[in-house]
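To find a chain, count down the sequence lines: A is the first, B the second, and so on, and within it residues start at 1. All values below come from the heavy atoms of this structure, side chains included, with hydrogens, waters and symmetry mates left out.
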There are 2 protein chains.
Amino acid sequence: MTVSAWIAYTQCMLTQKAKYGLRALCVLAAESGAHQPLPIHEVAQRAHVPHKFLEAILLDLRRHGFVESRRGKAGGYSMTRDPGEIRVSDIIRALDGPLAPIPCASLTAYQPCLDCENPKDCAIQHLMRQVRDATAAVLDGTTLADLAASEAAALAIHG
Amino acid sequence: MTVSAWIAYTQCMLTQKAKYGLRALCVLAAESGAHQPLPIHEVAQRAHVPHKFLEAILLDLRRHGFVESRRGKAGGYSMTRDPGEIRVSDIIRALDGPLAPIPCASLTAYQPCLDCENPKDCAIQHLMRQVRDATAAVLDGTTLADLAASEAAALAIHG
DNA sequence: AATAAACCCTATCGGTTTGATGGGAGTTTA
DNA sequence: TAAACTCCCATCAAACCGATAGGGTTTATT
């Protein structure tokens, strides 16, 4: 299932990787109460994510501490924390990097523009920091549980 | 002056092209009252933008109607409109494309996710539309005149 | 009319990221 | 031992990004 072959590429903040990751985590969040981990092929099927790509994504999410894995037969993935305590912003930061549209406007990964006249106090930086803050406000205020609930509600109405 | 050789690449919403474009437009906005157009090398120098790259950017901005050019000796670029009536969001859209972090959340360039279970009503789409709206609110609410004034003020203090 | 200064425009380049896959090694349970 | 998993390396094509080369065209001045 190659998606990039179907749609024209658009430079964007949310990569395919992060989108897949969010969908996968929604699936795992829904399974949060279960005792058994969910095998990767099950997650891939439910979240509509290519199996091998998901493998890389879940590996990444495990290293960032969002999920844990059990190997061998009857193995799979499960959440490590309550989905209500995981901010969407942290997931996206883990998979896609900083939220800010430009490094000099980032709080978590600040880097000055080397081609800027006065990198500490630049009009573009000011503006982009406002953008960053607005984005972070939305994404900090939404938890994985919120997202999963929203998706469950949408699915209940339509297909 | 190659910047990409100095800093690690970070996927970002505001490309170097848009950043350069905004800086160049600030320079032209400051010159907005003058009768003569500003030659490109002068813009390049004041905005710290590579000459040839700026050429491509100004061409783009001209095609989008933000600036006009006069050819031949004593030629150059000048604003077509009052900088106070140009939204920063429109400049960024012209140079970088849609503001939305993902095509399905865009108002100006909507495209459904082809790998989405129900593309019309998806939790991620909802959330990303909120992000888009928050971003647009900041960028729609700031004009080129605002940006240029902010930069002028910063320069008056430092540098 | 010659010349210089400026914009116009296409084509191209290297480097990097992105999305995606293959293949095998390791691990656990039955 | 076999089956069913995860782990992790290496690799790939396509796209994009930043930047530049090198002509062609237009205009003002002399």
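- Scanning all heavy atoms of the two residues, the minimum distance from H126(B) to D121(B) falls at CE1-OD1, 2.9 Å.
- Side-chain atoms of E55(B) and base atoms of dC7(C) include no donor and acceptor less than 3.5 Å apart.
- Taking five base pairs at each end of the helix from dA1(C)-dT30(D) to dA30(C)-dT1(D) and finding the rotation axis that steps the C1' atoms of four pairs onto the next four gives two axes whose angle is 0°, to the nearest 10°.
- Here I40(A) lies in heavy-atom contact (under 4.0 Å) with sugar-phosphate atoms only.
- Within a 6.0 Å sphere centred on CD of E68(A), other residues, nucleotides and ligands contribute more than 12 heavy atoms.
- What separates NZ of K17(B) from P of dT20(D) is a distance of 15 Å, to the nearest Å.
- Among the heavy atoms of the strands lying under 4.0 Å from H41(B) are primed sugar atoms or P, OP1, OP2 only; no base atom is included.
- A side-chain donor-acceptor contact under 3.5 Å links R129(A) to the backbone of C104(A).
- A salt bridge links D115(B) with R23(A); the closest basic N to acidic carboxylate O contact falls under 4.0 Å.
- Between R62(A) and dC7(D) there is a side-chain polar atom (N or O) within less than 4.0 angstrom of OP1 or OP2.
- Separating the CE atom of M13(B) from the P atom of dC16(D) is a distance of 18 Å, rounded to the nearest angstrom.
- Taking atom CD1 of residue I57(A) and atom P of nucleotide dC8(D), one finds them 16 Å apart after rounding to whole Å.
- The two residues I40(B) and E55(B) make their nearest non-hydrogen contact at CD1-CA, 3.4 Å.
- Here dG19(C) presents its P atom at 12 Å from CZ of R23(A), a figure rounded to the nearest Å.
- For E42(B), the CD atom is densely surrounded, since the number of other residues' heavy atoms within 6.0 Å is greater than 12.
- Contact check on E31(B) versus R46(B) returns a salt bridge, with a Lys/Arg side-chain nitrogen under 4.0 Å from an Asp/Glu carboxylate oxygen.
- Among the nucleotides dA19(D), dC7(C), dC9(C), the one closest to the side chain of P39(B) is dC7(C).
- The distance between atom CG of D60(A) and atom P of dT17(C), rounded to the nearest whole Å, is 15 Å.
- When the nucleotides dG23(C), dC7(D), dA20(C) are ranked by their closest atom to the side chain of Q16(A), dA20(C) comes out on top.
- Taking the charged nitrogens against the carboxylate oxygens, D60(B) and R63(B) have no contact shorter than 4.0 Å, which rules out a salt bridge.
- Regarding I102(B), its CD1 atom lies at a distance of 14 Å from the C1' atom of dT18(C), rounded to whole Å.
- Within residues 66-82 of chain A, the residues that have a heavy atom under 4.0 Å from DNA chain C are, in order of number, R71(A), G72(A), K73(A).
- Rounded to whole Å, the distance from CG on L59(A) to C1' on dG26(C) is 13 Å.
- The interatomic distance linking K52(B) (NZ) with dA11(C) (P) rounds to 15 Å, in whole Å.
- With rounding to the nearest 0.5 angstrom, the CD atom of Q125(B) is 9.0 Å from the CG atom of N118(B).
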